[in-house]
Amino acid sequence: MSIKVAPSILSADFSRLGEEIKAVERAGADLLHVDVMDGHFVPNITLGPAIVGSIRKVTGLPLDVHLMIENPGDFIDAFVKAGSDMLTLHIESVSAGDIAAVSRKLKKQGVKTGISLNPPTPFSEIKGVLNEVDFVLVMTVNPGFGGQSFMPEVIPKIRELRSFFTGEIAVDGGINDITGKEAVSAGADMLAAGSFIFNSIDYKQAIRSLQCLK
Ligand code: DX5
Ligand code: ZN
């Protein structure tokens with residue numbers, strides 16, 4: 001089975017967002033990674049439900065919406081309504097109890113729930129919610145910006161998670177064909193990659209090089 005690749009549109013040319021999305025879809029992307037930032041949880045602001053709704057209209061790819069925001073629970077309904085297929089919340093901005101409730105609700109709506117953790121957050125913080133979620137998104141950069149360098153010190157955490165968790169493990173931040181291989185060797189099934197794909201000349205080749213890591 002090949003690795004699932006989610007181009008992160010944060011590194012796309014936003015003035016041609018529809019075309020960029022169609023280009024990665026044609027190039028073989030498995031899903032689309034959409035970074036939502038609120039200027040509080042991370043020091044950057046990106047987009048909200050209205051843009052997710054517009055993206056939904058131009059692609060058939062599953063939308064993997066990564067919520068880097070405070071009070072994510074307040075926005076779940078809006079992102080579901082906009083057409084998200086997967087919603088990732090951060091353990092740093094949600095309680096374990098809220099995750100369980102959100103996950104139960106999303107399941108009824110056919111939306112997958114992911115939990116993410118930042119590089120400094122230990123695995124123990126998410127251990128208690130692993131039974132509630134469909135997948136885990138491990139951050140290998142401090143979230144906020146595309147184009148940062150992969151943090152190899154996170155690799156042992158991916159390995160530890162793999163030994164406990166049978167669901168999908170996604171890795172996000174600084175992924176290219178070299179760092180992606182390290183993440184896959186540690187147990188990743190899915191790679192979110194922004195600059196590696198959108199800064200490449202050949203999207204198809206870049207996506208394929210990540211899908212082939214397993
Ligand atoms: C970082 C975002 C990532 C980012 C990845 O805060 O969550 O999804 O877009 O970009 P690259 O692949 O360039 O590190
Ligand atoms: Zn992301």
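Note that the structure is a prediction, hence the values are computed from the model and not measured. Read the numbers this way: they start at 1 and go in the same order the structure lists the ligands and their atoms.
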Report the protein N/O/S neighbours of the Zn ion (ligand 2) that fall below 2.8 Å; do not count waters.
-> His33 NE2, Asp35 OD1, His66 ND1, Asp172 OD2

Qualifying side chain to side chain donor-acceptor pair (under 3.5 Å) pairs, either residue in residues 42-54, two or more places apart | none

Given side chain to side chain donor-acceptor pair (under 3.5 Å), test His66 with Asp64 step by step and report yes or no.
-> CA-CA 6 Å; His66 180 190; Asp64 160 30; over 6 Å; no

Please tabulate, for side-chain N and O atoms in residues 108-120, each donor-acceptor pair with protein atoms closer than 3.5 Å (sequence neighbours left out).
unit_1, atom_1, unit_2, atom_2, d
Ser116, OG, His90, NE2, 3.4
Ser116, OG, Leu137, O, 2.8
Asn118, OD1, His90, ND1, 3.4

closest protein heavy atom to atom 4 (C) of ligand 1 is Asp35 OD2, 3.6 Å

Considering distance alone, does some N or O of Gly147 sit under 3.5 Å from an N or O of ligand 1?
-> yes

Relative to the heavy atoms of Met37, which atoms of ligand 1 are at a distance of less than 4.0 Å?
-> 6 (O)

Atoms in ligand 1 flagged as close to Gly146, the criterion being non-hydrogen separation under 4.0 Å | 10 (O), 13 (O)

Check the pair Asp202 / Ser200 against side chain to side chain donor-acceptor pair (under 3.5 Å), numbers first and verdict last.
-> CA-CA 5 Å; Asp202 186 339; Ser200 73; over 6 Å; no

When hydrophobic residues are tied together by side-chain contacts of less than 4.5 Å, even through go-betweens, does Val154 share a cluster with Phe164?
-> yes

Atom 13 (O) of ligand 1 has as its nearest protein heavy atom Ser195 OG, 2.5 Å

Do Val171 and Leu130 belong together in a cluster built from hydrophobic side chains that touch within less than 4.5 Å?
-> yes

Go through ligand 1 atom by atom and flag the ones less than 4.0 Å from a non-hydrogen atom of Met68.
-> 6 (O), 7 (O)

Pair Lys22-Val58, side-chain contact (heavy atoms from CB on, under 4.5 Å): steps then yes or no | CA-CA 7 Å; Lys22 288 196 180 105; Val58 300; 4.3 Å; yes

Numbered atoms and elements of ligand 1 in range of Leu10, under 4.0 angstrom, heavy atoms = 9 (O)

What do the steps show when you test Arg208 against Gln211 for side chain to side chain donor-acceptor pair (under 3.5 Å), and what is the final call?
-> CA-CA 5 Å; Arg208 194 73 204 126; Gln211 286 168 331; 3.1 Å; yes

With rounding to the nearest 0.5 Å, note down the distance linking CG in Asn131 to CD1 in Ile99.
-> 13.0 Å

Give the C-alpha distance, both sets of side-chain angles, the deciding distance and a yes or no for side-chain contact (heavy atoms from CB on, under 4.5 Å) between Phe75 and Val36.
-> CA-CA 11 Å; Phe75 298 92; Val36 176; over 6 Å; no

Gly173 neighbourhood, listing ligand 1 atoms whose heavy-atom distance to it stays under 4.0 Å | 14 (O)

For Ala192 and ligand 1, does the shortest N/O to N/O distance drop below 3.5 Å?
-> no

If we only count N/O pairs under 3.5 Å, is Ala193 in contact with ligand 1?
-> no

Taking atom 14 (O) of ligand 1 as the reference point, the nearest protein heavy atom with its distance | Gly174 N, 2.8 Å

If we only count N/O pairs under 3.5 Å, is Asn142 in contact with ligand 1?
-> no

His66 heavy atoms, cut-off 4.0 Å: which ligand 1 atoms fall inside?
-> 7 (O)

How many angstroms lie between CG in Leu106 and OG in Ser84, if you round to the nearest 0.5 Å?
-> 9.0 Å

Counting each atom of ligand 1 from 1 as listed, which ones have a heavy atom of His33 under 4.0 Å away?
-> 8 (O)

If we number the atoms of ligand 1 from 1 as shown, the ones under 4.0 Å from a heavy atom of Phe145 are 1 (C), 6 (O)

Atom 5 (C) of ligand 1: closest protein heavy atom, distance to 0.1 Å, is Asp172 OD1, 3.6 Å

Distance (rounded to the nearest 0.5 Å) between Ile175 CD1 and Ser195 OG | 10.0 Å

Kindly write out the residues that satisfy side-chain hydrogen bond (donor to acceptor under 3.5 Å, both in side chains) with Ser11, not counting sequence neighbours, or none if the list is empty.
-> none

Pair Phe198 and Tyr203, ring centroids less than 6.0 Å apart = yes

Among all protein heavy atoms, pick out the one at the shortest distance from atom 6 (O) of ligand 1; state its residue, atom name and that distance to 0.1 Å.
-> Gly144 N, 2.8 Å

Just how far is it from atom CG of Asp172 to atom CZ of Phe150, taken to the nearest 0.5 Å?
-> 11.0 Å

Of the protein's non-hydrogen atoms, which lies at the shortest distance from atom 12 (O) of ligand 1, and what is that distance?
-> Gly194 N, 2.8 Å

